[in-house]
Amino acid sequence: MRKSILSRLNNWIIFLLMTLVVVTIVVASTILINFLRKEEIKRVDILVSALKFQQEVTTPSLEIQALVLQIYSSNTTIPVIILDKEDRPIEHKNIPQEIENDSEKIVELAKKMGKNYPPIELKFSNRNNQFVYYDNSKLLNDLRYSPFILGFFILCYFLFSFWFLRTIKKTDEGYLWAGLAKETAHQIGTPLSSMIGWMEIMKLETPESEGVYEIEKDIERLRTISERFSKIGSIPELNDLNFNETIVQNYDYLKTRISKKIDFSLHLPTYAVLVPHNKILMSWVIENLVKNAVDAMKGEGTLQMSVFERNKNLLIEVKDSGSGMTKQQARNAFKPGYSTKKRGWGLGLSLARRVIHEYHNGDIKISQTEVGKGTTFRITIRKT
């Protein structure tokens with residue numbers, strides 16, 4: 001199935017908008033932080049210069065005193081505390097309201113400011129020197145957390161980008177394999193129709209022939225395979241309920257077509273298991289798992305298929321005594337195009353996972369595997 005141009009366009013528009021938002025926020029925040037820092041530094045410099053000038057001029061004029069007072073009064077953000085030489089508060093400005101009337105806490109805050117910026121000493125002729133303590137404004141102190149906030153936001157953006165691009169990739173791969181499956185069904189359909197016609201002619205000529213009967217069964221099998229491929233990429237109907245019947249039909253068919261040296265057994269509940277499913281697609285999944293197990297055992301070993309219930313889930317297990325898998329092989333087993341066989345296409349397990357995940361809202365995984373001892377595949381489907 002071809003992905004619509006509108007859907008692709010919407011995905012990329014969302015991605016580009018998110019990128020634009022992140023870039024805008026980062027640039028704007030950087031400019032704002034730099035501007036506020038520069039402005040704060042300028043105001044601190046002006047305030048310090050005014051206080052130093054007041055200290056250096058012995059008899060300042062009224063105009064100079066008014067200017068210094070104006071500079072001091074215009075400061076509405078920078079915290080300032082003036083202490084005498086005995087560490088007693090004389091004046092304070094822009095400090096927390098809850099400590100304005102607490103001399104001990106004001107002195108404590110002044111000493112804390114002194115660790116960030118050395119106090120300015122104001123010397124007087126009577127030796128009653130004063131010390132001016134100051135610090136950054138609350139806004140400037142809060143801005144120190146902005147790099148962490150921006151870093152967190154950028155990290156979230158990159159995680160979103162990774163998820164988005166990975167989703168796009170998986171979606172494209174899904175449409176690619178779905179398209180391949182449908183094209184395969186189309187290619188099989190043409191010669192299959194011709195074979196059905198020839199089979200009808202052969203049945204008229206030799207109606208009791210055993211060979212004709214066997215060929216007819218294989219043609220019916222080809223028709224089923226073609227129908228399976230045609231359903232990939234479409235939304236199948238889950239009309240079938242008797243899961244035991246689906247499994248038994250697969251078991252009976254596969255048992256006659258695998259090596260006699262393989263001990264193939266089936267374990268079912270004694271009661272009917274009713275689960276909505278698509279018989280054609282589910283049969284394909286089971287067949288893929290069984291064929292993979294047969295290949296892993298090289299035509300000889302033990303193969304066990306079990307169906308059982310756990311809580312509200314139906315579980316189907318296919319356990320073989322084959323060559324098993326390494327951890328890396330198990331991680332990659334369901335990836336499209338990955339195969340441990342020399343002539344494998346890596347489609348079977350990938351499409352099986354699609355059938356279970358997307359069409360039956362279930363899960364398929366390798367529940368156990370060990371090199372040289374075999375592998376167990378497990379399918380889980382919710383009953384309700």
### Task
Begin with the C-alpha distance, continue with both residues' side-chain angles, and end with the deciding distance and a verdict on side-chain contact (heavy atoms from CB on, under 4.5 Å) for V275 and V273.
CA-CA 6 Å; V275 177; V273 179; 3.8 Å; yes
### Message
Assess the residue pair L281 and W284 against the criterion (side-chain contact (heavy atoms from CB on, under 4.5 Å)); give the C-alpha distance rounded to whole Å, side-chain angles, the decisive distance to 0.1 Å, and a yes or no.
### Response
CA-CA 5 Å; L281 291 180; W284 190 8; 4.1 Å; yes
### Query
Going through the distances and angles, do Q304 and S306 end up as a side chain to side chain donor-acceptor pair (under 3.5 Å)?
CA-CA 7 Å; Q304 179 178 308; S306 306; 3.3 Å; yes
### Query
Can you check side-chain contact (heavy atoms from CB on, under 4.5 Å) on L254 and R257, steps first, answer last?
CA-CA 5 Å; L254 294 168; R257 283 163 173 77; 5.8 Å; no
### Query
Checking side-chain contact (heavy atoms from CB on, under 4.5 Å) for the pair H267/V307: CA distance, chi angles, key distance, verdict?
CA-CA 6 Å; H267 302 275; V307 178; over 6 Å; no
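A pairwise comparison of heavy atoms in A333 and M325 identifies CB-SD, 4.4 Å as the closest pair. Listed here is the closest heavy atom pair of P119 and F131: CB-CB, 4.4 Å. Residues M282 and H277 come closest through the heavy atom pair CB-CD2, 4.2 Å. Contact detail for G362 and H357: the closest heavy-atom pair is O-CD2, 3.3 Å.
Looking at K111 and D87, a side-chain N of the basic residue comes within less than 4.0 Å of a carboxylate O on the acidic one, giving a salt bridge. Using a cut-off of 4.0 Å between Lys/Arg side-chain N and Asp/Glu carboxylate O, K279 and E245 are scored as salt-bridged.
Not one N or O on the side chain of S283 forms a donor-acceptor pair closer than 3.5 Å with the backbone of N250. Panel note: side chain H360, backbone P276; no donor-acceptor pair is recorded below 3.5 Å. N94 places a side-chain N or O within 3.5 Å of a backbone atom of I78 that can act as its donor or acceptor partner. No donor-acceptor pair closer than 3.5 Å links the side chain of N129 to the backbone N or O of D84.
Hydrophobic clustering (ILVMFWY, side-chain heavy atoms < 4.5 Å, transitive): L315 and L238 are in distinct clusters. A continuous path of hydrophobic side-chain contacts links M297 to V318 [ILVMFWY only; heavy atoms under 4.5 Å]. Note on I106: it does not cluster hydrophobically with I82, by side-chain heavy-atom contacts below 4.5 Å among ILVMFWY residues. The hydrophobic cluster containing V290 also contains I366, counting ILVMFWY residues as joined when their side-chain heavy atoms lie under 4.5 angstrom apart, directly or transitively. Y271 and L241 end up in different hydrophobic clusters when Ile, Leu, Val, Met, Phe, Trp and Tyr side chains are linked at under 4.5 Å.
Within the 4.5 Å cutoff, the side chain of I379 has heavy atoms near those of the L289 side chain. With contacts defined as side-chain heavy-atom distances shorter than 4.5 Å, the pair K319/E317 does not qualify. Taking 4.5 Å as the limit, every side-chain heavy atom of V107 sits out of range of all side-chain heavy atoms of E104. L351 places none of its side-chain heavy atoms less than 4.5 Å from the side chain of R353. Using a 4.5 Å heavy-atom cutoff, the side chains of L83 and P89 are in contact.
Classified by interplanar angle (parallel below 30°, tilted 30° to 60°, perpendicular above 60°), the ring pair F377/F334 is perpendicular.
To the nearest 0.5 Å, the span separating NZ on K373 from OG on S323 amounts to 14.0 Å. E370 CD to T376 OG1: the interatomic distance, rounded to the nearest 0.5 Å, is 11.0 Å. Residue R378 holds its CZ atom at 10.5 Å from CG of N313, rounded to the nearest 0.5 Å. One distance of note links OG of S321 with CD of E300; it measures 9.0 Å at 0.5 Å rounding. Between the CG atom in L303 and the CG atom in D263 there is a gap of 8.5 Å [rounded to 0.5 Å]. For the atom pair CZ (F243) and CG (L268), the distance works out to 9.5 Å, reported to the nearest 0.5 Å.
With hydrogens and angles left out, the side-chain atoms of N332 and K335 include a donor and acceptor closer than 3.5 Å.
Considering D320, N292, T369 in turn, T369 is the only one that fulfils the side-chain hydrogen bond (donor to acceptor under 3.5 Å, both in side chains) rule with T375. Among V355, I316, T380, I356, the one residue that satisfies the side-chain contact (heavy atoms from CB on, under 4.5 Å) test with I364 is I356. Screening D135, I81, V80 for a side-chain contact (heavy atoms from CB on, under 4.5 Å) involving I95 leaves a single residue, I81.
A ring-centre distance under 6.0 Å is found for F264 and Y251.
Counting non-hydrogen atoms of neighbouring residues, nucleotides and ligands closer than 6.0 angstrom, the NZ atom of K105 reaches no more than 12 such neighbours. For E98, the CD atom sits in a packed shell: over 12 heavy atoms of surrounding residues, nucleotides or ligands are nearer than 6.0 Å. Other residues, nucleotides and ligands contribute more than 12 heavy atoms inside 6.0 Å of the NZ atom of K93.
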